[in-house]
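For reference, the structure is listed below as structure tokens.
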There are 2 protein chains.
Amino acid sequence: MRARRATIADVARAAGVSPSTASVVFSGRTPVSDATRQRVLAAAAELGYTGPDPRAASLRRGRSGIVGVVFDSPLSSAFLDPVTTQVMDGLTEGVAELGAGVLLLRDNSKDPDLADAQPTLMTAPIDAAVLIGCSTVMRESLDVMRARNIPVVVIEGDAGEGVPQIRLDNREAQRQAASHLASLGHRRVAIVTLPSGLDSPGRWMEHAEESRISVDVTRDRLSGARDVYPDAPAFAAAASSIDEGFAAGRAIFAARPHPTAVIAQSDLLAAGVIRAAEEAGLRVPDDVSVTGFDGVIVDGLAPYALTTLIQPSTEKGRAAGDAVAAMLEGRDAASLLFTCVFREGNTTAPVAREA
Amino acid sequence: MRARRATIADVARAAGVSPSTASVVFSGRTPVSDATRQRVLAAAAELGYTGPDPRAASLRRGRSGIVGVVFDSPLSSAFLDPVTTQVMDGLTEGVAELGAGVLLLRDNSKDPDLADAQPTLMTAPIDAAVLIGCSTVMRESLDVMRARNIPVVVIEGDAGEGVPQIRLDNREAQRQAASHLASLGHRRVAIVTLPSGLDSPGRWMEHAEESRISVDVTRDRLSGARDVYPDAPAFAAAASSIDEGFAAGRAIFAARPHPTAVIAQSDLLAAGVIRAAEEAGLRVPDDVSVTGFDGVIVDGLAPYALTTLIQPSTEKGRAAGDAVAAMLEGRDAASLLFTCVFREGNTTAPVAREA
DNA sequence: TTGTACGCGTTATCAG
DNA sequence: CTGATAACGCGTACAA
């Protein structure tokens, strides 16, 4: 057994051709006569050569075929959210056309302990980066990206000027749902928001706090609801999950008289709210209407079909992939604003006449 | 603006030191006097040099700091499963200590169309690979891995000899749950299995088919149940989800007399079965006992606490990371067999006396 | 269609 | 603590 693995040069020598010819046989970027191809392949098989070393190829080409995806939350919790999952789906698909794969990266710019151990935007051999939900951090890393000419795209976040954003018109969409409820006659409405970024536990929010919400999505959706219901009480959930929606719902239906409608900022929250309503002996939508947001399939929610806003999450991921591809080809990518489609399910109904 | 980006050589020249010294300043692998360090850093700042190019470093070092994770299902569906999510969590943590990150790879060895576009085990610059749930495919890729001396580890799958496996004692665990039901007096029991790999739709399985189940996990858990209940009817779900469990439950509770207990091969399935039981007017656990498998938190299942087998999924991921680390350091990694912990929740109870 | 020549940007090694 | 040297393995003009 030879100490050193065979290189393409060895193969070329064995096949009696030049290294460049052998290279071309493997990359297929130039026509090669069938005879030589066979010789090269045979020599490769003989030597146990299995193709160009990706590391060397990536240095030479200046491309690694890897796109970094940066999360601002622990990966474990990120993948709990179906929307993130779908975004990843679209993204992987989008970058696949580019011949690239996706490298999971965690934003630990605020956690210096881990910063060394883990690969980062700065140390990973990536051709481009996609930031998911970055709100404020990582300015430093972003400067480095710029200095290195590494394209960056942000999904639902703001990374400063020059960084294309893929976002949703959250405010307008949420306003639609609110208007829908208003047109059904609902006046006593409660809102369940996504985490606000202010603090962790689920709780009622003061009106004055709302301007300090640091999570863009939460703030924008709330604004949309406020356009219609300026005074509705808002409960900030600790996370986007059925269980947190359930907790919020319990708090909400403890009030007397109970609200006749609840605007939830995500489908998972809405599902939890519905459970809480059932627990409180309220029928949905007869006694209380509930709207969601996202349009994801909530496992186990059947037979309800949420009235919700269907957001094109997979398309957002794809768009990010496309944007990255464009920038990699030297074109520049514009920011994109997606819109939601309102879907009326069976969880909203006209407000019951006050008996 | 200069056409070519500054390299470490430029920095060294500007700082009046040798390239190797400059390199050492950035890698920190050798002590450097404070004075020189400052000079080098200053020169770097001056030239807009932001650190070594990861691609070149990876060629030289022979390490890219990337571990590939190969899924045998679409990424979108893979991340729907909480167990996979947790495994990923442990894995990312495990490889982080190695200073590595995780590259998502899809096994498209049976789908030649995509095989070119997407990066694969063969073309991605990875230091090691972790296969999740690989059952039979990818032999070819595996040979290449071996030829390249790239460590491979498999989680809940079999990649042939020489490839360390991280698995669960599925059979023994499931037998425990079955024995628990037996000790509670249950005789009429139904089983809901994970997908069998035979075909997609959820349906009752013929006894004869069971030997042909191609998914290891499904087969092993079924064997465990069969050790106690050799003749219980088995319904193969189309996927591990609450909705599929619900469908299975409906089929199961349509029978008269209905089973007094259901063994589900996953918690999600169990949650769906419970829903179906409720729908059929059966109380859990009074009228029917249900056991799950995995010990994950099922969002929205409260107030039930499943009787289930808690599997150390995060630890499995971590173990895979550790195994990879070991192999990368030249030590060899042994296969690992994890065990589950039986947890009695409030979804199982003694069988009701036949009235 | 094939071969020649060179550099991609770094870092290990070892001597000073 | 610093510097000289020599790869790492490949792709691609360009010429033949």
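Nothing here was measured: the structure is a model prediction, and the numbers come from that model. Note on naming: letters A, B, ... go to the chains in the order of the sequence lines (proteins, then strands), and numbering restarts at 1 for each one.
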Once you round it to whole Å, what is the distance between [atom2] of [N] and [atom1] of [X]?
| X | N | atom1 | atom2 | answer |
| --- | --- | --- | --- | --- |
| B:Arg60 | C:dT13 | CZ | C1' | 9 Å |
| B:Arg55 | C:dT11 | CZ | P | 14 Å |
| A:Asn149 | C:dC8 | CG | C1' | 17 Å |
| B:Arg63 | C:dA12 | CZ | C1' | 14 Å |
| B:Ile8 | C:dC8 | CD1 | P | 15 Å |

Looking at the side chain of [X], which of [options] is the nearest nucleotide?
| X | options | result |
| --- | --- | --- |
| A:Asp53 | D:dG3, D:dC10, C:dT11 | D:dC10 |
| B:Tyr49 | C:dT4, D:dG11, C:dT10 | C:dT10 |
| A:Leu59 | D:dT2, D:dA6, D:dG9 | D:dG9 |
| A:Thr7 | C:dT11, C:dT4, D:dG9 | D:dG9 |

Check: Hey, does A:Arg60 have a side-chain heavy atom less than 4.5 Å from the side chain of A:Arg55?
Finding: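 Contact flag for A:Arg55/A:Arg60 side chains = no.
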
Note to self: Less than 4.5 Å apart, side chain to side chain, heavy atoms only: is that true for A:Val69 and A:Leu103?
What the structure shows: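 SC-SC contact between A:Val69 and A:Leu103 ruled out.
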
Check: Between A:Asp216 and A:Arg167, is there a side-chain N and carboxylate O pair less than 4.0 Å apart?
Finding: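 A salt bridge is present here (some side-chain N lies under 4.0 Å from a carboxylate O).
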
Next item on the list: Working to the nearest 0.5 Å, report the span between NZ of B:Lys316 and CD1 of B:Ile132.
Entry: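 These two atoms lie 9.0 Å from each other.
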
Can you see whether [X] engages [Y] through a side-chain donor-acceptor pair at a distance of less than 3.5 angstrom?
| X | Y | value |
| --- | --- | --- |
| A:Ser58 | A:Arg63 | no |
| A:Arg148 | B:Thr50 | yes |
| A:Asp127 | A:Ser64 | yes |

Next item on the list: Under 4.0 Å between any heavy atoms, over every strand shown, what does B:Val17 touch: base, sugar-phosphate, or nothing? Just pick one.
Entry: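 The answer is sugar-phosphate, as B:Val17 gets under 4.0 Å only of primed atoms, P, OP1 or OP2.
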
Item checked: B:Thr21 side-chain N/O to D:dT2 phosphate OP1/OP2 under 4.0 Å ->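 So the side-chain polar atoms of B:Thr21 never come under 4.0 Å of the phosphate oxygens OP1 or OP2 of D:dT2.
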
Next item on the list: State whether B:Arg61 places a side-chain N or O below 4.0 Å from either non-bridging phosphate oxygen (OP1 or OP2) of C:dA12.
Entry: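 True: B:Arg61 side-chain N/O within range (under 4.0 Å) of C:dA12 OP1/OP2.
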
Note to self: Using a distance-only criterion (donor-acceptor N/O pair, under 3.5 Å, no hydrogens), is the base of D:dG11 paired with the side chain of A:Ser20?
What the structure shows: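 Flag unset: no donor-acceptor pair detected.
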
Notebook entry, point to check: On DNA chain D, nearest-nucleotide positions of A:Ala57 versus B:Ala56: which is more 5'?
Noted result: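 Here B:Ala56 is the residue nearer the 5' end.
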
Check: Heavy atom of residues 25-41 of chain B under 4.0 Å from DNA chain C: which residues?
Finding: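 Hits under 4.0 Å, by residue number: B:Arg29.
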
